[in-house]
Amino acid sequence: MASLVIAEHDNAALKDATHKTVTAAAQVSSPVHILVAGENCATVAEAAARIAGVENVLLADAPSYARQLAEPMEALLLSVAGQYDAILAPATTTGKNILPRVAARLDVGQISEILKVVSPDTFERPIYAGNAIETLQAPAGKKIITVRTTAFVAAAEGGSATIEKIAAASDAGNSKFAGEALSKSERPELTSAKVVISGGRGLGSAENFKLLDSIADKLHAAVGASRAAVDAGYVPNDYQVGQTGKAVAPDLYIAVGISGAIQHLAGMKDSRKIVAINKDEDAPIFQVADYGLVGDLFKIIPELDEELSKRGYK
Amino acid sequence: MKVLVPVKRVIDYNVKVRVKTDQSGVDLANVKMSMNPFDEIAVEEAVRLKEKGKATEVVIVSIGPQQASETIRTALAMGGDRGILVKTDQMVEPLAVAKILKAIVDAEQPGFVITGKQAIDDDANQVGQMLAALLGWPQGTFAHSLELADGSAKITREIDGGLQTVEVKLPAVMTTDLRLNDPRYASLPNIMKAKKKPIEEKSPADLGVDIAPRFKVLKISEPPKRSGGVKVSGVPELLDKLKADGVI
Ligand SMILES: Cc1cc2nc3c(=O)[nH]c(=O)nc-3n(C[C@H](O)[C@H](O)[C@H](O)COP(=O)(O)OP(=O)(O)OC[C@H]3O[C@@H](n4cnc5c(N)ncnc54)[C@H](O)[C@@H]3O)c2cc1C
């Protein structure tokens, strides 16, 4: 049979989380199909069709999928599930919202946030905030899987899949979209940026947090945060990196005024290089940092900014 | 309206877990256990609904060994009215948990169920959504704030791009995120009072749910270790090193 990947998109652009999920899907069951559900999202379907290795793109274009709410998405996925032996979604807030509903209705367990496909029925996933890795084998039958996208490389471009329009499925209509407040940023996305600079409670205020902006600009970095910084209102919730926020694995992660609680480490310890800037030389963050700079961030950050300028980073 | 809150007994969030050398699991012997933090937020939200006169009764459910009744007691001390312990010493997978909860919902007929968004032990993030699907109810996951009206709920959700508000018809399931509220500490008098609140015991079999695991856990292993690196003397040295590594 085949596997089906739920596309991550905003009706205009296809997100790279989709490409990474395609890589995982190809290891579970080939060929790979992609479901693009949205409203006026034909360009997204075209982008999905260009992913190498994808055979078919299912396009469900209807107002009821504009926000990919879980209830209509459940009905839609159930209407096509019969043709697939695996359904995968990136472990984004959209994928996590939808997929367990589908699993429950199909009476199969879900495998959450896989890090690795060991074999088509055996997977590795993090438990206990990534302090342990579980290897589990699924029974015969359908596999319902969410994918930790930072653990898979993105499938390349260069495919030419067919696009097949599919009908909307009817659902009970007991949920509706009622507004959003999205963070606007010109910066790269946290989960796919090559460089991430994150601030913690040590920044002290929303005003101070902006100190990180100029460095982020120079390094084309995304800006993240610890839970404490989010709770204190320095930055919005979507900045949170960690066990219960976003998992990131950039080439370079710079932690500023972050102590390194296990819940934070869970979301960033797979980064290639980690830099920690903290005034407490015993802070646990130094145990995972490749390079530690002990000192007052309010001195170090302006210095870093200036030194980057000197070296030609703009 | 009755509100149902499932709570899970998990390893305390401050404990650094240790993987057993035979890779059969993590060491739980003599380890501090607590209520899953997201479930504390769920209990708090339910109790606040009762205090605001929007809920009439808060029923706490836990699935687990006898000691899970202590977790229920904690929730009762926070303001829950009564408890149900579905007793089992077995590991229960999220789908089976959702089925047990569905059986309880069928019997109790709550108008609203509040669960944590994930348990910090298996980090699965499934039960609330699965329960909603089995019941045919809508859901508001990863809740940041809640406005409950007659027959519907406006739930603002923490999503990857920011915040999103959905309006769902009741009955519904909501799962909590960190910013929904700050759970209270139970006061001593309330802890004493909670000792007298009833906890009913059931078994998965009483509810007609088969909890035999579907998945086979082949092993639990240590994640790749990261060794701490070096302390650098200052910003110039740091940038030299990062440049040499090719990451800036
Ligand atoms: C259920 C649950 C889920 C959680 N999920 C997450 C999660 O997903 N992500 C997450 O990050 N956390 C999470 N946490 C919270 C986590 O346990 C920590 O509380 C949090 O990560 C701490 O944030 P912090 O490091 O910014 O703050 P702190 O621990 O307070 O550390 C602040 C650091 O800043 C340093 N500092 C202060 N001033 C300066 C200065 N002037 N110069 C240099 N350094 C300075 C201090 O030395 C200290 O090390 C979770 C907790 C729970 C219970």
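So you know, we letter chains A, B, ... as the sequences are listed, proteins then strands, and number each from 1. Please read all numbers here as calculations on a predicted model, not as lab measurements.
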Does a side-chain N-to-carboxylate-O contact under 4.0 Å join Arg226(B) and Asp290(A)? yes

Does a side-chain N-to-carboxylate-O contact under 4.0 Å join Asp107(A) and Lys99(B)? yes

Give, as side chain, backbone, both or neither, the part of Val275(A) having an atom under 4.5 angstrom from any heavy atom of chain B. side chain

Is chain A contacted by the side chain of Phe215(B), its backbone, both, or neither, given a heavy-atom distance below 4.5 Å? both

In short, Pro223(B) meets Gly130(A) closest at the heavy-atom pair CG-O, 3.3 Å

To the closest 0.5 Å, what do you measure between CD (Glu134(A)) and OG (Ser221(B))? 9.5 Å

Partner chain A: residue of Gly128(B), Ala119(B), Ala96(B), Ala124(B) with the largest heavy-atom pair count (under 4.5 Å): Ala124(B)

Decide yes or no for Ile133(A) and Glu222(B): does some side-chain heavy atom of the first lie under 4.5 Å from some side-chain heavy atom of the second? no

Pair count under 4.5 Å, heavy atoms only, with chain A: among Val235(B), Leu131(B), Asp160(B), highest is Asp160(B)

State, yes or no, whether a side-chain contact exists between Lys96(A) and Phe142(B) at a heavy-atom distance under 4.5 Å. yes

Geometric cation-pi criterion, Lys231(B) with Phe286(A): 6.0 Å, 45°: yes

Are Lys176(A) and Lys169(B) side-chain neighbours, meaning at least one heavy-atom pair lies under 4.5 Å? no

For the student: nearest non-hydrogen atoms of Asn237(A) and Gly162(B), plus distance: ND2-O, 3.2 Å

Taking side chain as C-beta onward, heavy atoms only, is Lys241(B) less than 4.5 Å from Lys273(A)? no

Leu242(B) side chain reached by Leu252(A) side chain, heavy atoms, under 4.5 Å: yes

Between Thr141(B), Val15(B), Ile155(B), who has the most heavy-atom pairs with chain A when the cutoff is under 4.5 Å? Thr141(B)

Is any side-chain heavy atom of Tyr128(A) less than 4.5 Å from a side-chain heavy atom of Asp123(B)? no

Taking Asn97(A) as the fixed residue, which of Lys117(B), Gln164(B), Gln139(B) is the one that meets the side-chain hydrogen bond (donor to acceptor under 3.5 Å, both in side chains) rule? Gln139(B)

Kindly give the heavy-atom pair with the smallest separation between Val19(B) and Ala132(A), and that separation in Å. CG2-CB, 3.7 Å

Could you look at Pro236(A) and say if it's the side chain, the backbone, both or neither that has a heavy atom under 4.5 Å from chain B? neither

In terms of heavy-atom proximity below 4.5 Å to chain A, should Ile220(B) be classed as side chain, backbone, both, or neither? both

Contact summary for Leu178(B) and Gln240(A), nearest pair of heavy atoms: CD1-NE2, 3.6 Å

Can you say whether Gln118(B) sits under 4.5 Å from chain A via the side chain, the backbone, both, or neither, judging by heavy atoms? side chain

Side chain, backbone, both or neither of Ser233(B) within contact of chain A (heavy atoms, under 4.5 Å): backbone

Report yes or no: does Arg272(A) contribute a side-chain atom to a donor-acceptor pair with the main-chain N or O of Asp245(B) at less than 3.5 Å? yes

Taking the side chain as every heavy atom from C-beta outward, state whether Ile248(B) and Tyr313(A) have any atom pair closer than 4.5 Å. yes

Which portion of Phe38(B) sits near chain A, non-hydrogen atoms under 4.5 angstrom: side chain

Residue part contacting chain A, namely of Lys225(B), when any heavy atom lies under 4.5 Å: neither

Non-hydrogen atoms of Gln126(B) and Ser112(A) that approach each other most closely: NE2-OG, 2.8 Å

Could you tell me whether Asp182(B) atom CG has more than 12 heavy atoms of other residues or ligands within 6.0 Å of it? no

Quick one: pull up CG in Leu182(A) and CG in Leu163(B) and give me the separation to the nearest 0.5 Å. 8.5 Å

Distance-minimising heavy-atom pair for Thr93(A) and Arg157(B): O-NH2, 4.1 Å

Any side-chain heavy-atom pair from Ile262(A) and Lys16(B) closer than 4.5 angstrom? yes

NZ/NE/NH1/NH2 to OD/OE distance under 4.0 Å, Arg311(A) and Asp240(B): yes

